[in-house]
Amino acid sequence: MLAKEIVQNQREYFKNQHTISYDFRNNALSKLREAILKYEKEFTDALYKDLGKNQAESFFAEIGQVLKELTYIQKRLKKLMKNKKVKSSIIDFPSKSFTSPHPYGVTLIISPWNYPVMLSLGPLVGAIAAGNTVIIKPSEFSINTSKVLEKMISSTFKDNYIKVVNGAVKETQELLDQKLDYIFFTGSSNVGKIIMEKASKHLTPISLELGGKSPAIVGEYANIKVAARRIAFGKLLNSGQTCIAPNHVYIHESVKKEFTGYLKESIKEFFGDNPIDSKDYGKIINNKHYNRLINLLDGETIAYGGNRNDELQKISPAIIDDVTHNSKVMQEEIFGPILPLITYKDLNEVITYINNNPTPLALYLFTENNEIVKRILNECNFGGGCVNDTIMHVSSDYLPFGGVGESGMGSYHGKASFDTFTHYRSVIHKSTKLDIKIRYAPYTESKEKIIHWILK
Ligand code: NAD
């Protein structure tokens, strides 16, 4: 089916009010839950083929996250859909004022390959709850998972309500050439710019969930053992192919030796002496990215790991030492199991560097000193993050997730997912019983006096 036809069919369906009622939306969310549970095994197998993701990770970092989002939204859907009363201004007496949520209409979700289930179906939950029709364009690189997504959606929903379009750049661009009512994009900053440009042709509102180089800072007052373990977890989940993985670590010189020791210990604890053989350690998505990562290691001081297996497309966790901001490994978002350590003496240098460079999607600070926490929150801008942990802010239903500046715009998860796919109309409902004439001409002196008295 052509992109034009898909959008036209969905627009027709939307205009006919099918997606508006609470029952319809709630029923669609229930159908989605049932379908995910039915296809759970197929998703797990596909994620293993695409990324070597182990079963536990496929559930807790992908499928389970979507189920959790469904539970949160379904519990609150009735309340979220209600008009919300606000105060009326005295100028509008007598009236009722309220905000009234309304779906945008035909929405497009474009997802990347690294968490293909969560990043396609997570936003879908918000789009359905808000009452939209949805086109999903998954990544061409996680092809096995993308095929299961298409199979599951086409066997659960009608094309004119929710449809998966598989393909690459050409197919995405054809969709983007249509007039859409909302675009939700997750992917790289470079493609994000293309999406924004395309959206501007029709003034379509967008969310951009992008990437970047998220730093971790381990200060002299940190619990070093816990910091090392939690950084190893965040870096090595999905073999480092996580948008909010700590890209690199700023490590205070006084604790560097201790930190590096614990980091090695944690890697061994998680994946054994030879992580490449571990069933829990994933592979790099494709040859292009595998070679890119191998090339990044070339010429760097590898303090630990960095072994490779070309056939399995796996690189064992690598700790890179003696790194500066000018090192090759620091010139792009790593997006793999390579962890550069940048030694620092003075926190001011770290803050200055962060603030003079593209705003990171996440920032992770490890310290037991609350003054340092305050400083970082006051002085640094970033999408979101954790104090004394990595990654976990993404899995809270109560925290909106998203970037700022170069790491994106807009947010979702929990209520924020509903809000993202909703336009809140501001409405004043006036009574006709009383029609105070102050605002109508002719403007007499006494009318002006009253207007001044009200507004001043
Ligand atoms: P990508 O930008 O290459 O691709 C994302 C999607 O855009 C895919 O569906 C792809 O088919 C499509 N696409 C690619 N080129 C296009 C073009 N020229 N025109 C239109 N569509 C195009 O990203 P990726 O490699 O799949 O994912 C990795 C990136 O995504 C990293 O930068 C990572 O940090 C980021 N990411 C961000 C988040 C987040 O939540 N903020 C989550 C995961 C990944």
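No hydrogens, no waters, no symmetry mates; every other heavy atom, side chains included, goes into these values. Just follow the structure's listing: the first ligand is 1, and inside any ligand the first atom is 1.
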Looking just at side-chain N and O atoms, do [X] and [Y] make a donor-acceptor pair shorter than 3.5 Å?
| X | Y | answer |
| --- | --- | --- |
| Thr390 | Arg230 | no |
| Tyr290 | Asp310 | yes |
| Thr71 | Arg33 | yes |
| Tyr304 | Ser316 | no |

Looking at side-chain heavy atoms only, is the closest gap between His202 and Leu180 below 4.5 Å? no
Contact set, ligand 1, heavy-atom distance under 4.0 Å, ordered by chain/number, equals Ile110, Ser111, Pro112, Trp113, Asn114, Leu119, Lys137, Pro138, Ser139, Glu140, Val169, Thr172, Gln173, Phe185, Thr186, Gly187, Ser188, Val191, Ile194, Glu209, Leu210, Gly211, Cys243, Glu333, Phe335, Leu361, Phe401
Report yes or no: is the cationic atom of Lys279 (NZ for Lys, CZ for Arg) closer than 6.0 Å to the six-membered ring centre of Tyr48, at no more than 45° off its axis? no
